[in-house]
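By convention in this document, chain letters (A, B, ...) are assigned in the order of the sequence lines, proteins followed by strands, and residues within each chain are numbered from 1.
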There are 2 protein chains.
Amino acid sequence: MNRTPRPRPTLEEVAARAGVGRGTASRVINGGEKVSERARQAVEDAIAELGYVPNANARALVTRRTDAVALVIAESEERVFGEPFFAGIIRGIGAALGDAGRQLVLLLAQASERRGALDEYLTRQHVDGVLLLSLHDDDELPDRIRAHGLPVVVGGRANENVTSGFVDVDNVQGAGLAVAHLVDRGRARIATIAGPADMVAGSSRFQGYAAALAAAGREVDERLVERGDFGQESGAAAMRALLDREPAVDAVFCANDLMALGALQTLREAGRQVPEEVAVVGFEDAPVALSAHPPLTTVHQSPEQMGREMVALLLETMTDPEADRPGRMLPTYLVVRDSS
Amino acid sequence: MNRTPRPRPTLEEVAARAGVGRGTASRVINGGEKVSERARQAVEDAIAELGYVPNANARALVTRRTDAVALVIAESEERVFGEPFFAGIIRGIGAALGDAGRQLVLLLAQASERRGALDEYLTRQHVDGVLLLSLHDDDELPDRIRAHGLPVVVGGRANENVTSGFVDVDNVQGAGLAVAHLVDRGRARIATIAGPADMVAGSSRFQGYAAALAAAGREVDERLVERGDFGQESGAAAMRALLDREPAVDAVFCANDLMALGALQTLREAGRQVPEEVAVVGFEDAPVALSAHPPLTTVHQSPEQMGREMVALLLETMTDPEADRPGRMLPTYLVVRDSS
DNA sequence: ATCGGATGTGGGAGCGTTCCCACCGCTCAC
DNA sequence: GTGAGCGGTGGGAACGCTCCCACATCCGAT
């Protein structure tokens with residue numbers, strides 16, 4: 001049906017039909033001030049009859065804004081759709097943008113060969129701002145984007161010296177919480193399975209571990225430190241190494257839940273009781289933490305709140321690009337379950 | 001630095017700098033035919049010096065195309081980021097669109113209250129076409145979109161009588177494969193744990209089950225039919241019901257892998273050997289199928305291919321919106337592992 | 001010489017908006 | 001009665017691009 005889709009009506013046509021000028025019609029559409037009730041009604045009727053929809057391109061051309069914000073995720077589909085962290089943060093972002101009357105546009109920065117296309121898309125005035133999610137090392141994407149005058153907010157810094165606005169979890173504080181808890185529980189030899197040193201989440205959680213030990217008057221014992229890659233298997237391997245080297249270990253703080261799961265697995269295989277003989281604490285409070293055996297004590301972070309915070313920061317930057325805004329650190333808290 | 005971000009250069013400025021006309025500059029940018037080497041060089045230099053980037057809105061305003069395609073996923077973040085199916089299909093779509101020089105824009109149709117905003121976005125000439133992913137029942141979204149003259153392709157029909165172009169897995173054929181396999185293995189009492197009757201994936205897989213039994217000269221025995229909701233727990237419950245009612249059951253075809261996992265769990269608890277006493281076959285070939293105990297025999301479908309196919313269909317529709325294009329059914333094949 | 005056809009080129013028109021200014025008709029104060 | 005002020009209105013200009021037509025140039029064929 002309707003084989004010939006007549007061209008979309010323009011504002012001019014709406015105005016003509018309503019018997020008013022183009023200006024008045026425009027005013028009605030844009031929350032019009034100073035329009036008589038009579039004119040407003042006529043325009044609204046005309047819009048309904050014609051099925052008029054404004055052309056966003058024409059509008060953006062003159063207003064220089066699109067009311068859309070891009071969320072760029074620089075990870076493989078596998079990771080994005082694997083970690084529940086992303087679901088949470090996207091929910092937060094979507095909700096906050098919706099409240100602000102803006103549309104969320106999600107872009108995956110998959111293969112690096114496609115990076116060019118992404119760049120173009122962002123640069124060509126399709127969106128008013130960019131949220132960037134990537135826990136990766138030295139990505140020049142944020143700088144490239146900003147070079148084009150687009151506001152950017154990064155979620156989870158890639159390295160310590162980010163120049164742009166960012167929102168991140170306070171990793172140092174969170175790790176400190178976890179370790180202080182283990183100290184409180186009277187644990188004597190508190191080990192850690194740290195994350196990669198070249199990721200902020202890795203290095204700063206280790207930093208928090210060291211700080212909390214220092215606060216308790218202890219020192220970091222290299223024999224009690226192992227590193228993993230945030231994967232479960234690496235956690236298991238690290239735990240084996242720790243047990244070999246230091247059988248007397250009675251607690252371990254893992255830089256994320258997945259590695260904690262691996263540690264739990266190794267401990268089970270080694271016949272060590274958790275938490276009686278060895279206490280285990282994770283970081284993230286991912287859903288798996290709850291269903292682990294035993295349920296995992298872990299540092300809770302809220303991806304949803306992180307998303308909201310990113311949006312808030314971006315909106316501020318958009319209204320006043322000049323102000324130097326500091327990054328935002330989100331607090332964490334400890335969820336004590338049965339593994340400690 | 002650069003506190004006053006001078007306005008973006010326009011095409012006119014590029015042309016002036018290169019000492020050519022606006023038309024020539026435009027020609028260079030758009031894969032220009034009929035441009036002298038000299039002019040091309042001058043324009044390219046000017047572009048580089050000025051850091052010129054075309055304004056997509058201005059371009060779209062006159063060309064009436066944006067070279068962007070939206071992928072709308074009408075599911076909760078939880079589901080989207082839970083099922084690996086989505087990761088696969090998005091990879092396929094992204095790759096295919098990239099090959100076609102188009103940008104993928106992902107939109108989540110989360111809370112229904114936000115549906116209005118989504119509608120607007122799609123309608124206002126931001127994208128040239130829409131891919132819709134939703135396995136839900138009676139969604140009017142596709143029709144609304146099409147009413148605005150936007151080409152749409154739906155992935156996985158919601159119901160039998162879809163009017164739009166769609167791409168779906170051939171569920172009937174796949175289920176038939178699975179059941180025929182069980183018949184071949186000499187199974188006598190082949191049960192099924194079907195999906196919801198109001199989803200195509202549910203009803204047509206059941207249909208395939210019935211057809212394969214008929215082909216083997218058997219009839220559907222209502223006592224061997226249970227229904228689940230595609231969740232693991234529902235599969236476990238259904239299996240319990242089957243065992244209670246018909247202890248002699250020696251095979252079960254599950255409408256998806258997750259329910260098969262649940263069934264496996266129940267069988268283990270009931271002390272039944274798989275596959276010796278009871279054979280289990282799933283549908284989907286999700287990653288979990290491989291890591292199940294025992295590894296699950298299942299019907300393989302390729303979400304990635306489905307994504308590519310959706311894009312192909314959409315591109316065709318975009319070049320010729322008139323032609324009535326039939327939906328596309330993708331074939332499946334059986335992956336035999338240790339559970340049958 | 002003259003012409004016809006490539007090959008390049010410049011720039012006007014127009015895409016559908018918003019912005020803004022000029023202007024209209026009233027009312028109210030003086 | 002005059003003028004200031006206000007609610008309301010119409011439409012020109014501009015946003016930055018592509019399209020297309022007119023035109024200028026140069027070549028080889030007649």
Side-chain angles (χ1 to χ4, degrees), chain A residues 6-44 46-47 50-68 120-121 123-128 148-149, chain B residues 6-44 46-47 50-68 120-121 123-128 148-149:
Chain A
R6 62 184 143 65
R8 312 165 51 109
T10 72
L11 185 58
E12 195 101 33
E13 285 164 38
V14 169
R17 173 140 194 160
V20 303
R22 195 173 8 86
T24 302
S26 175
R27 250 164 264 141
V28 170
I29 289 166
N30 303 314
E33 295 294 289
K34 313 217 173 198
V35 178
S36 68
E37 197 47 48
R38 206 172 136 290
R40 152 170 293 111
Q41 203 42 255
V43 171
E44 278 169 358
I47 289 177
L50 261 38
Y52 170 76
V53 181
N55 181 319
N57 290 308
R59 179 179 293 181
L61 185 55
V62 25
T63 60
R64 287 143 185 294
R65 44 178 300 183
T66 61
D67 286 334
E120 280 190 8
Y121 186 87
T123 269
R124 293 181 173 197
Q125 230 95 118
H126 276 122
V127 295
D128 298 334
H148 284 285
Chain B
R6 64 183 141 66
R8 313 163 51 108
T10 72
L11 185 58
E12 196 102 33
E13 286 164 38
V14 169
R17 173 139 193 160
V20 302
R22 198 174 1 88
T24 304
S26 175
R27 250 164 264 142
V28 170
I29 289 166
N30 304 313
E33 295 295 289
K34 313 217 174 198
V35 178
S36 68
E37 197 46 49
R38 206 172 137 289
R40 150 168 297 112
Q41 204 40 257
V43 171
E44 279 169 358
I47 290 177
L50 261 38
Y52 169 77
V53 180
N55 180 318
N57 291 306
R59 178 179 292 181
L61 185 56
V62 24
T63 59
R64 288 140 187 296
R65 42 178 300 181
T66 62
D67 287 335
E120 279 189 9
Y121 186 87
T123 268
R124 293 181 173 197
Q125 229 97 116
H126 276 122
V127 295
D128 297 335
H148 283 285

OP1 or OP2 of [N] under 4.0 Å from side-chain N/O of [X]:
X     : N      : answer
B/R8  : D/dG16 : no
B/N57 : D/dG16 : no
A/K34 : D/dG7  : yes
B/S26 : D/dC17 : no
A/R27 : C/dT18 : no

Interatomic distance where [atom1] belongs to [X] and [atom2] belongs to [N] [whole Å]:
X      : N      : atom1 : atom2 : value
A/E37  : D/dG7  : CD    : C1'   : 14 Å
B/L11  : C/dG10 : CG    : C1'   : 13 Å
A/E13  : C/dG16 : CD    : P     : 8 Å
A/N30  : C/dG16 : CG    : P     : 17 Å
A/Q125 : D/dC17 : CD    : P     : 9 Å
B/R124 : C/dT18 : CZ    : C1'   : 14 Å
B/R38  : C/dG10 : CZ    : P     : 10 Å
A/R40  : D/dG8  : CZ    : P     : 9 Å

Practice problem: Would you kindly compare A/E12 and B/G19 by the position of their nearest DNA chain C nucleotide and give the one closer to the 5′ end? | Solution: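 Upstream on the strand: B/G19.
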Quiz item: Relative to the 5' end of DNA chain C, which residue comes earlier, B/A58 or B/T24, by the nucleotide with the nearest heavy atom?
Solution: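 Its nearest nucleotide lies further toward 5', so the answer is B/T24.
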By nearest atom, which of the nucleotides [options] is closest to the [X] side chain?
X     : options                : answer
A/R64 : D/dG16, D/dC19, D/dC17 : D/dG16
A/L61 : C/dT18, D/dC19, D/dC15 : D/dC15
B/S36 : C/dT17, C/dG8, D/dC17  : C/dG8
B/A39 : D/dT9, D/dC17, C/dT9   : C/dT9

Quiz item: From A/E120 CD over to B/D67 CG, what is the distance, rounded to the nearest 0.5 angstrom?
Solution: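 Separation between the atoms: 10.0 Å.
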Looking across every strand, which nucleic acid part, if any, lies under 4.0 Å from [X] by heavy atom: base, sugar-phosphate, or nothing?
X     : answer
A/R22 : base
B/A60 : nothing
B/A15 : nothing

Do [X] and [Y] touch side chain to side chain, with heavy atoms closer than 4.5 Å?
X      : Y     : result
A/L50  : A/R17 : yes
B/I29  : B/I47 : yes
B/H148 : A/V53 : yes
A/R27  : A/V20 : no

Quiz prompt | Least distance between heavy atoms, A/H126 atom then A/T66 atom | solution =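 So the minimum-distance heavy-atom pair works out to O-OG1, 3.2 Å.
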